[in-house]
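A short worksheet on the structure shown next.
This one's a predicted model, so the numbers in the text were calculated from it and none came from an experiment. Ligands are counted one by one from 1 in listed order, and the atoms in each one are counted from 1 as well.
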Amino acid sequence: MLKLEDTYRHKGQRNALVKLLEKKGIKDANVLQAINTLPRHFFFDTALDSHAYEDKAFPIGEGQTISQPYTVAFQSELLEVKPGDKVLEIGTGSGYQAAILYLLGAEVHSIEYQKKLFDKTKKFLSKLGISVHFYFGDGSQGIPTQAPFDKIIVTAGAPIVPTSLLKQLKVGGILVIPVGDRKTQKMMKLIKKTEKKIIQEEHDNFAFVPLLGEEGWKSR
Ligand code: SAM
């Protein structure tokens, strides 16, 4: 059963989480405000509800996780979302990151590879009144029919930067993607300056579940 009650206790815990994220180096006021607005405990099953405002990743079923708040904040900050940006998220999972992107004013397109999660999250976010375009399938190849995108965010660990994603990014667009082996990935920010010129920044290490699919890992 989902608890859809946002109490003073939850709000206080959320405030404390935002202060912690600031301490850890998150500066983007819009990102911090979105995290302060969105009840993360809504995305948890009752049994884990009390952990919702810890800065930790948690299981969401099907062997997948809701990302750590710091990771969501860090990726969202790197993405530099502007209101109206057409953003592709790969790895819908619980829908928490998609909801943050929506609160930042983006037109969100989110794709998930696991049917059960896709069905559950699609239903749940519409219940919350959060408008996201959902797709079921292999996001390692992007969504060619919806391209180009202003921004692309990958929330699973990739072995390489998929060429399809760079192709589907607008000139001036940003791709944020963790790239590495199955255990640890470096957070990469790629800025498409022209059709041929890509600027690449490397950030800290993170630990994501694997990006599966044609341009990801071939098995779990
Ligand atoms: N963004 C999510 C959230 O806010 O809860 C967390 C995502 S979880 C760390 C990674 C997700 O990527 C999983 O739900 C997994 O099923 C999904 N995934 C893995 N490979 C994928 C692919 N090729 N296309 C789409 N989704 C994929």
Side-chain angles (χ1 to χ4, degrees), residues 2 17 31 34-35 38-45 48 51-52 54-79 81 87-104 106 108-125 128 130 132-144 146 149 151-165 168 175-180 182-185 187 205-220:
L2 289 159
L17 172 64
V31 169
I35 290 175
L38 186 65
R40 189 169 184 253
H41 64 283
F42 285 2
F43 295 76
F44 279 59
D45 285 333
L48 291 171
H51 298 288
E54 291 170 18
D55 190 21
K56 287 183 184 159
F58 270 96
I60 51 171
E62 311 307 312
Q64 300 303 331
T65 50
I66 176 170
S67 299
Q68 183 183 347
Y70 175 73
T71 306
V72 172
F74 191 76
Q75 285 199 284
S76 303
E77 185 166 78
L78 288 182
L79 209 57
V81 179
V87 179
L88 170 62
E89 180 200 24
I90 294 147
T92 311
S94 69
Y96 180 76
Q97 172 75 74
I100 292 287
L101 295 170
Y102 168 81
L103 291 177
L104 289 170
V108 188
H109 297 255
S110 186
I111 181 161
E112 172 57 50
Y113 210 16
Q114 292 218 28
K115 186 72 166 71
K116 273 194 190 161
L117 271 180
F118 162 80
D119 288 336
K120 185 175 163 192
T121 302
K122 185 178 173 186
K123 215 161 140 191
F124 174 62
L125 282 200
L128 287 186
I130 290 172
V132 167
H133 304 270
F134 290 102
Y135 306 83
F136 166 60
D138 175 13
S140 73
Q141 302 181 94
I143 310 180
Q146 293 299 329
F149 299 97
K151 311 279 163 68
I152 301 179
I153 174 173
V154 182
T155 67
I160 50 150
V161 176
T163 333
S164 302
L165 299 187
Q168 290 172 35
L175 165 64
V176 173
I177 177 167
V179 181
R182 282 170 178 274
K183 281 200 178 141
T184 331
Q185 307 87 26
M187 193 62 76
N205 284 331
F206 289 82
F208 283 84
V209 295
L211 175 77
L212 302 174
E214 202 55 45
E215 294 186 51
W217 296 98
K218 299 294 175 240
S219 65
R220 262 202 213 182

*Between Tyr135 and His109, how do the two ring planes meet: parallel, tilted or perpendicular, split at 30° and 60°?*
parallel
*Identify the closest protein heavy atom to atom 4 (O) of ligand 1: which residue and atom is it, and at what distance?*
Gln97 N, 3.0 Å
_Heavy atom of the protein closest to atom 16 (O) of ligand 1 (residue, atom name, distance)_ = Glu112 OE2, 2.5 Å
*Under 4.0 Å from a heavy atom of Leu211: give me the atoms of ligand 1 that qualify, with their elements.*
20 (N), 21 (C), 22 (C), 23 (N)
*Apply ring pair (Phe, Tyr, Trp, His ring centres under 6.0 Å) to the pair Tyr113 and Phe136, showing each step before the final yes or no.*
CA-CA 6 Å; Tyr113 210 16; Phe136 166 60; 7.4 Å; no
*Heavy-atom contact under 4.0 Å between Thr92 and ligand 1?*
yes
*Please work out whether any backbone atom (N, CA, C, O) or any side-chain heavy atom from C-beta onward of Gln64 is under 4.0 Å from ligand 1, and answer side chain, backbone, both or neither.*
side chain
*List the closest protein heavy-atom neighbour of atom 26 (N) of ligand 1: residue, atom name, distance to the nearest 0.1 Å.*
Tyr113 N, 3.3 Å
*Considering heavy atoms of the protein only, find what lies nearest to atom 6 (C) of ligand 1 and give residue, atom and distance to 0.1 Å.*
Thr65 O, 3.4 Å
_Under a 4.0 angstrom heavy-atom cut-off, which atoms of ligand 1 come close to Gln114?_
16 (O)
*Got the closest protein heavy atom to atom 9 (C) of ligand 1, with its distance?*
Thr155 O, 3.3 Å
*What do the steps show when you test Val179 against Gln185 for side chain to side chain contact (heavy atoms under 4.5 Å, CB included), and what is the final call?*
CA-CA 5 Å; Val179 181; Gln185 307 87 26; 5.5 Å; no
*Report the nearest protein non-hydrogen atom to atom 5 (O) of ligand 1: residue, atom name, distance rounded to 0.1 Å.*
Ser94 OG, 2.6 Å
*State the atoms of ligand 1, each with its element, that fall below the 4.0 Å cut-off from a heavy-atom position in Gly139.*
22 (C), 23 (N), 24 (N), 25 (C)
*What atoms of ligand 1 come within less than 4.0 Å of a heavy atom belonging to Leu117?*
14 (O)
*Determine whether Pro162 and Ile177 make a side-chain contact, defined as any pair of heavy atoms from C-beta on separated by less than 4.5 Å.*
yes
*Tyr96 neighbourhood, listing ligand 1 atoms whose heavy-atom distance to it stays under 4.0 Å*: 4 (O)
*Does the side chain of Leu125 come within less than 4.5 Å of Phe134's, by heavy atoms?*
yes
*Specify the closest pair of heavy atoms between Val31 and Glu77, including all atoms of both residues, with the distance to one decimal.*
CG2-N, 4.0 Å
*Could you go step by step and tell me if Ile90 and Ile153 meet the side chain to side chain contact (heavy atoms under 4.5 Å, CB included) rule?*
CA-CA 6 Å; Ile90 294 147; Ile153 174 173; over 6 Å; no
*Scan side-chain atoms only and decide if Glu112 and Thr121 contain a donor-acceptor pair under the 3.5 Å cut-off.*
no
*For Gly137, the ligand 1 atoms whose distance to one of its heavy atoms is below 4.0 Å*: 24 (N), 25 (C)
*Identify, by atom number and element, the atoms of ligand 1 in contact range of Ser140, meaning under 4.0 Å from any of its heavy atoms.*
23 (N)
*For Ser67, take its heavy atoms, then give the atoms of ligand 1 lying under 4.0 Å from any of them.*
6 (C), 9 (C)
*At a non-hydrogen distance cut-off of under 4.0 Å, which region of Ala98 contacts ligand 1 (side chain, backbone, both, or neither)?*
neither
*Does the side chain of Ser164 pick up a donor-acceptor pair with the side chain of Gln141 at under 3.5 Å?*
no
*asked:* Evaluate Tyr96 against Phe42 for side chain to side chain contact (heavy atoms under 4.5 Å, CB included), listing each step before the verdict.
replied: CA-CA 9 Å; Tyr96 180 76; Phe42 285 2; over 6 Å; no
_Nearest-neighbour protein heavy atom for atom 20 (N) of ligand 1, which is reported as residue plus atom name and distance_ = Leu212 N, 3.0 Å
*Note, Phe44 side chain near Ile60 side chain (heavy atom, < 4.5 Å)*: no
*How far is atom 12 (O) of ligand 1 from its nearest protein heavy atom, and which residue and atom name does that atom have?*
Gly91 CA, 3.2 Å
